[in-house]
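Notes follow once the structure below has been shown.
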Amino acid sequence: MKIAFVGKGGSGKTTLSSLFIRHLAATGAPVVAIDADINQHLGAALGLEEAQAAALPAMGDRLALIKDCLRGTNPRIASAETMIKTTPPGEGSRLLRLNEDNPLYDACARPVELDGGAVRLMVTGPFTDADLGVACYHSKTGAVELFLNHLVDGRDEYAVVDMTAGSDSFASGMFTRFDITFLVAEPTRKGVSVYRQYKEYARDFGVVLKVVGNKVQGQDDLDFLRAEVGDDLLVTVGHSDWVRAMEKGRPPRFEFLEDANRRALRLLQVAADATYELRDWDRYTRQMVHFHLKNAASWGNERTGADLAAQIDPGFVLGEGVTALA
């Protein structure tokens, strides 16, 4: 299952995504965690020391390797240089499984041991001074989009992405790559404004969107969120002594997370698992093609000097029955 956490800056989405990742790991499920936020804090939220988090290999710095790996033997892609962030897979492409060893994981993923299990962690890498004036952060998140476009994931295995804040997620087609999107919203006007914007942008793309109310302190906060987001409100969470200890670098064992918050995490998993029956690989593939053609026409053809529409394999549909190239 592909799961995104989104929300405005400071909403607590990284904290909640890290708790959900810990919860999934404790169940023994295969998990790939990806930090795609311009502020790279997921590693620290999963317990890494600052130096360990800084040493993680950045996907954005390994884009050429990622493209070369995913291109495989696809005859429609002349070279890795002609691949862009939206290039869809076709016959001969290197498809990825969540619970496997492959060159992309070797280069970009590192194991993170949690007290309930272990996960693979990948990071886009931070926006640096060298990027100023010559790049945008979406050139780094393009590596995540390519990964998701080539991922064949199944039931009871999870790719969890901590997305960049606010509406920046809509700068590419990556917002359509998920089975479910959890939008973390505080009970404030700014908190719900991001929800409304996301809901409007995603309306025509079949995005499953559920709101997680965070920093909810009482009935008035709960009533406010219910009035503003209606049935999209899935669950709310409040203050956590466990999280406060984690933020100080002294987290107790995960089994000591408050019962109310453990129940909330189980509800998130139930909601994510329920979307498995809604999967439509045909639509998923069509959306890949849609955004690829859009990017090809607006900038990709000019930048690569190639007709990127020719990369589309008209007979190919991504799905669990497709055999991954070894």
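Along the sequence shown, residues carry numbers from 1. Computed from a prediction, not measured in an experiment: that's the story for all the values here.
Across all their heavy atoms, Thr141 and Ala36 have their closest contact at CG2-O, 3.7 Å. Pairing each heavy atom of Leu114 with each of Ala25, the nearest pair is CD1-CB, 4.0 Å. The two residues Ile34 and Met59 make their nearest non-hydrogen contact at CG2-SD, 4.4 Å. When all heavy atoms of Gly12 and Asn214 are compared, the pair lying nearest together is CA-ND2, 3.7 Å. Arg62 and Pro57 make their closest contact through CZ-CB, 3.4 Å (heavy atoms, listed as atom of the first residue, atom of the second, distance). Of all the heavy atoms in Gly173 and Glu145, the pair that sits closest is N-OE2, 3.6 Å.
The cluster map of Ile, Leu, Val, Met, Phe, Trp and Tyr, joined by side-chain heavy atoms under 4.5 Å apart, puts Tyr195 and Ile3 in different clusters. There is no path of hydrophobic side-chain contacts, each under 4.5 Å, that joins Leu65 to Val144. Using a 4.5 Å cut-off between side-chain heavy atoms of Ile, Leu, Val, Met, Phe, Trp and Tyr, with links allowed through other members, Met174 and Leu42 fall into different hydrophobic clusters. Hydrophobic cluster membership differs between Val161 and Ile180, with clusters built from Ile, Leu, Val, Met, Phe, Trp and Tyr side chains linked at under 4.5 angstrom. Under a hydrophobic clustering in which Ile, Leu, Val, Met, Phe, Trp and Tyr are joined whenever their side-chain heavy atoms come within less than 4.5 Å, directly or via other members, Val208 and Leu268 fall into the same cluster.
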Task: Tyr201 and Val207: CA distance, side-chain angles, deciding distance, side chain to side chain contact (heavy atoms under 4.5 Å, CB included) verdict - done: CA-CA 10 Å; Tyr201 286 160; Val207 172; over 6 Å; no
- [ ] Go through Lys67 and Leu63 one step at a time and tell me if the side chain to side chain contact (heavy atoms under 4.5 Å, CB included) criterion holds.
- [x] CA-CA 6 Å; Lys67 290 177 178 180; Leu63 195 53; 3.7 Å; yes
Open item on the list: Please evaluate residues Arg120 and Glu157 with respect to the criterion salt bridge (Lys or Arg N to Asp or Glu O under 4.0 Å), reporting the C-alpha separation (whole Å), side-chain torsions for both, the decisive distance (0.1 Å), and the verdict.
Closed with: CA-CA 12 Å; Arg120 279 176 165 141; Glu157 50 185 26; over 6 Å; no
Task: Thr15 vs Met246, side chain to side chain contact (heavy atoms under 4.5 Å, CB included): CA-CA, chis, key distance, verdict - done: CA-CA 10 Å; Thr15 297; Met246 181 266 290; 4.2 Å; yes
TODO: For the pair Leu121 and Leu56, evaluate side chain to side chain contact (heavy atoms under 4.5 Å, CB included) and give the outcome as yes or no after the intermediate values.
DONE: CA-CA 9 Å; Leu121 174 62; Leu56 292 169; 3.6 Å; yes
Open item on the list: Checking Glu277 against Arg155 for the salt bridge (Lys or Arg N to Asp or Glu O under 4.0 Å) test, could you report, in this order, the C-alpha distance in whole Å, the side-chain angles of both residues, the deciding distance, and whether it holds?
Closed with: CA-CA 10 Å; Glu277 304 302 333; Arg155 189 192 295 271; 2.8 Å; yes
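For the 3.5 Å distance criterion, the side chains of Asp273 and Tyr158 qualify, holding a donor opposite an acceptor. Judged purely by distance below 3.5 Å, without hydrogens or angles, the side chains of Thr124 and Gln40 pair a donor atom with an acceptor atom.
Remark: the backbone N or O of Thr82 is paired with a side-chain donor or acceptor of Gln311 at under 3.5 angstrom. The main-chain N or O of Met288 is never found under 3.5 Å from a side-chain atom of His292 such that the two would form a donor-acceptor pair. A donor-acceptor contact shorter than 3.5 Å is absent between the side chain of Asn74 and the backbone of Gly92. With hydrogens and angles disregarded, a donor-acceptor distance shorter than 3.5 Å links the side chain of Asp35 to the backbone of His41. The backbone N or O of Ser17 sits nowhere less than 3.5 Å from a side-chain atom of Asp162 that would complete a donor-acceptor pair. Without hydrogens or angle criteria, Asp221 side chain to Gln217 main chain gives a donor-acceptor distance under 3.5 Å.
For Glu255, the CD atom sits in a packed shell: over 12 heavy atoms of surrounding residues, nucleotides or ligands are nearer than 6.0 Å. Counting heavy atoms of neighbouring residues, nucleotides and ligands inside a 6.0 Å radius, atom CD of Glu247 exceeds 12 of them. Remark: Arg203 CZ is packed, more than 12 non-hydrogen atoms of other residues, nucleotides or ligands lying under 6.0 Å away.
Between Phe147 and Tyr105, the closest side-chain pair of non-hydrogen atoms falls below 4.5 Å. Counting heavy atoms from C-beta outward, Leu151 and Val32 have side chains that stay 4.5 Å or more apart. Within the 4.5 Å cutoff, no side-chain heavy atoms of Val229 are placed close to those of Leu183. The shortest side-chain heavy-atom distance between Phe178 and Thr275 does not fall under the 4.5 Å cut-off. At a threshold of 4.5 Å between non-hydrogen side-chain atoms, the residues Thr86 and Leu308 do not count as touching. Proximity of Arg110 to Gln52: side-chain heavy atoms (C-beta onward) are nowhere separated by under 4.5 Å. Using a 4.5 Å heavy-atom cutoff, the side chains of Val160 and Phe5 are in contact. Side-chain contact between Val212 and Phe20: absent, with no pair of heavy atoms (C-beta onward) separated by less than 4.5 Å.
The side chain to side chain contact (heavy atoms under 4.5 Å, CB included) test with Val184 singles out one residue from Leu16, Val237, Val194, and that residue is Leu16.
Using the six-membered ring where Trp is involved, Trp242 and Phe254 have ring planes that are perpendicular, over 60° apart on the 30 and 60° scheme. The aromatic rings of Trp281 and Tyr284 sit perpendicular, their planes meeting at an angle over 60°, well past the 30° parallel limit. Ring pair His290/Phe205 is tilted by interplanar angle, where 30° to 60° counts as tilted.
Glu91 contributes atom CD, which lies 6.5 Å from atom CG of Asp313 (distance to the nearest 0.5 angstrom). Separation of atoms CG (Leu95) and NE2 (His150) is listed at 7.0 Å; rounding is to 0.5 Å. To the nearest 0.5 Å, the span separating NZ on Lys13 from OG on Ser18 amounts to 11.0 Å. One distance of note links CG of Leu233 with CG of Leu222; it measures 6.5 Å at 0.5 Å rounding. Rounded to the nearest 0.5 angstrom, Ile66 CD1 and Asp61 CG are separated by 9.5 Å. A distance of 9.0 Å separates CG of Asp153 from OH of Tyr276, quoted to the nearest 0.5 Å.
Salt-bridge check for Arg244 with Glu258: failed, with every basic side-chain N at 4.0 Å or more from each acidic carboxylate O. Lys8 has a carboxylate O that lies under 4.0 Å from a charged side-chain N of Glu186, or vice versa, which qualifies the two as a salt bridge. Salt-bridge check for Asp68 with Arg71: passed, with a basic side-chain N closer than 4.0 Å to an acidic carboxylate O.
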